[in-house]
Number of protein chains: 2
Amino acid sequence: MARYRTAGQEQAQRPRSDFRVAERPGYLLHKAAMLLDEDVEKHLVAGVAMRSRYFLLLATMASGPELSQKDLSQLLNLDPTTVVTVIDEMERNQHVERKRNPADRRRYQLHVTPAGRKALAAAEKVATEVESSFFGTLTDSERETLRDMLSRVMAGRWPASVCERSL
Amino acid sequence: MARYRTAGQEQAQRPRSDFRVAERPGYLLHKAAMLLDEDVEKHLVAGVAMRSRYFLLLATMASGPELSQKDLSQLLNLDPTTVVTVIDEMERNQHVERKRNPADRRRYQLHVTPAGRKALAAAEKVATEVESSFFGTLTDSERETLRDMLSRVMAGRWPASVCERSL
DNA sequence: TATTGTTATACTCTATAACTATA
DNA sequence: TATAGTTATAGAGTATAACAATA
């Protein structure tokens, strides 16, 4: 992961920051998400040797409705082939077991093992700490407001439209 | 660009959505940014044949302090080699001219041409429409709150730490 | 005939390293 | 010796398409 953020110690000839992009709400959203993603990925890898998409897939499998690999790829916007790769890895790590769905033998029932749940708990602890630190300057009430606004902005697109299906 | 969001029309056997990831503020932020990025990219390509990073670089060059390619790569978290590629393309499109900085002949002065500003204006119109539509369910006051919260969350990391340098 | 999951492959994007020129 | 920019190359990531099994 590249780091272009660490600053040098040079002359500050024009301490302005009137970048047009910095005023676009869309770019602020993009940038904030990128910074948080990097933080989460870095700490997950360092703390529990797990990458973000592994964590997200595991967390999704461990909670809520039972999902096929196809469902997961739709919900998390991951390519189906990527889901295969990550779940292969999960099986090798004995965090997940693939069992055929008796009602539709094309699908898998993805079963998170106790070891998988344990690993997930550790990862969630890390992720929660990173998020808490990232949103550190916001009050609890503000965090709730942010959560609410983001949910509303996505209403009907996520996760709703995915859930319309078999979920 | 892949689309895993368009839903089929099947049985809704479990209309729940208690995914653990959906409750993480971090994932909400990530997902919202992804959706918006996709919208912006799609409409920029379709409307003005311009990709997002081209637009971002052009918008940054056209406003604020004069930046070298190195500065741009740091500010926008783009690899320096990517910046070279995109600015090459901009030169072919006659949107930008490279001139040597007389004070430091290693650096370029990147000059946005009138044609470049015209293209930028068209792109900004598209991007603004997409953003406006994306944040459509928020009131003006809420949008300001969101902008403010995102800025505060990033305070000290962006664009400040980049600006500490030569900008 | 359509769908889930898989594999193989191609392609895009990004990162790494070496090079030129300037400082 | 260090930095800005460039080029070539390698690697990671993702998408495409063909396939097997099942519906």
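Residue numbers start from 1 in every chain, and the chains themselves are labelled A, B, ... in the order their sequence lines are given, proteins ahead of strands. Only heavy atoms go into these numbers, but all of them, side chains included; no hydrogens, no water, no symmetry mates. Being a predicted model, the structure only gives us computed values, none of them experimental.
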Peer 1: Just how far, in rounded Å, is P of dG5(D) from CG of Leu57(B)?
Peer 2: 12 Å
Peer 1: Within the pair Arg106(B) and dC19(C), is there a side-chain N or O less than 4.0 Å away from OP1 or OP2?
Peer 2: no
Peer 1: Is the count of non-hydrogen atoms from other residues, nucleotides or ligands lying under 6.0 Å from Gln94(B) atom CD greater than 12?
Peer 2: no
Peer 1: Looking only at side-chain N and O atoms, does Arg98(A) come under 4.0 Å of OP1 or OP2 in dT6(C)?
Peer 2: yes
Peer 1: Round to a whole Å and report the spacing from NZ of Lys70(B) to P of dA4(D).
Peer 2: 4 Å
Peer 1: Which whole-number value in Å describes the distance from Arg100(B) CZ to dT22(C) C1'?
Peer 2: 8 Å
Peer 1: Send over the distance from Glu89(A) CD to dA12(D) P, rounded to a whole Å.
Peer 2: 14 Å
Peer 1: So, is Thr81(B) near the phosphate of dT14(C), with a side-chain N or O under 4.0 Å from OP1 or OP2?
Peer 2: no
Peer 1: Using only side-chain N and O atoms of Ser68(A), determine if any of them is under 4.0 Å from OP1 or OP2 of dG5(C).
Peer 2: yes
Peer 1: Does any N or O in the side chain of Trp158(A) come within less than 3.5 Å of the main-chain N or O of Leu75(A), such that one atom is a donor and the other an acceptor?
Peer 2: yes
Peer 1: More 5' along DNA chain C: Pro102(B) or Val84(A), using each one's nearest nucleotide?
Peer 2: Val84(A)
Peer 1: Do the side-chain N or O atoms of Arg107(B) get closer than 4.0 angstrom to the phosphate oxygens (OP1, OP2) of dA4(D)?
Peer 2: yes
Peer 1: Please tell me if Arg51(A) has a side-chain N or O lying less than 4.0 Å from either OP1 or OP2 of dG13(D).
Peer 2: yes
Peer 1: In whole angstrom, give the distance that lies between atom CD1 of Ile87(A) and atom C1' of dT6(C).
Peer 2: 12 Å
Peer 1: What is the separation between atom CG on Leu78(A) and atom P on dT14(D), rounded to the nearest whole Å?
Peer 2: 8 Å
Peer 1: Treating Arg51(B) as the side-chain partner and Leu44(B) as the backbone partner, does any N or O pair qualify as donor plus acceptor under 3.5 Å?
Peer 2: no
Peer 1: Counting side-chain heavy atoms from C-beta on, which of dT6(D), dA15(D), dT14(C) comes nearest to Asp79(A)?
Peer 2: dA15(D)
Peer 1: Write down the distance between CE (Met90(B)) and C1' (dT6(D)), rounded to a whole number of angstrom.
Peer 2: 17 Å
Peer 1: Does the distance from a Lys or Arg side-chain N to an Asp or Glu carboxylate O, for Asp88(B) and Arg92(B), drop under 4.0 Å?
Peer 2: no
Peer 1: Could you say whether Asn101(A) or Gln69(B) is positioned toward the 5' end of DNA chain D, judged by the nucleotide with the nearest heavy atom to each?
Peer 2: Gln69(B)
Peer 1: Would you mind reading off the distance between Glu41(B) atom CD and dA15(D) atom P, rounded to a whole angstrom?
Peer 2: 13 Å
Peer 1: Where each residue is assigned the nucleotide of DNA chain D containing its nearest heavy atom, which of Leu110(B) and Arg105(A) is assigned the position nearer the 5′ end?
Peer 2: Leu110(B)
Peer 1: Should Arg53(A) be listed as having a side-chain N or O under 4.0 Å from OP1 or OP2 of dT14(D)?
Peer 2: yes
Peer 1: So, are Glu23(A) and Arg147(B) salt-bridged, with charged N and O less than 4.0 Å apart?
Peer 2: no
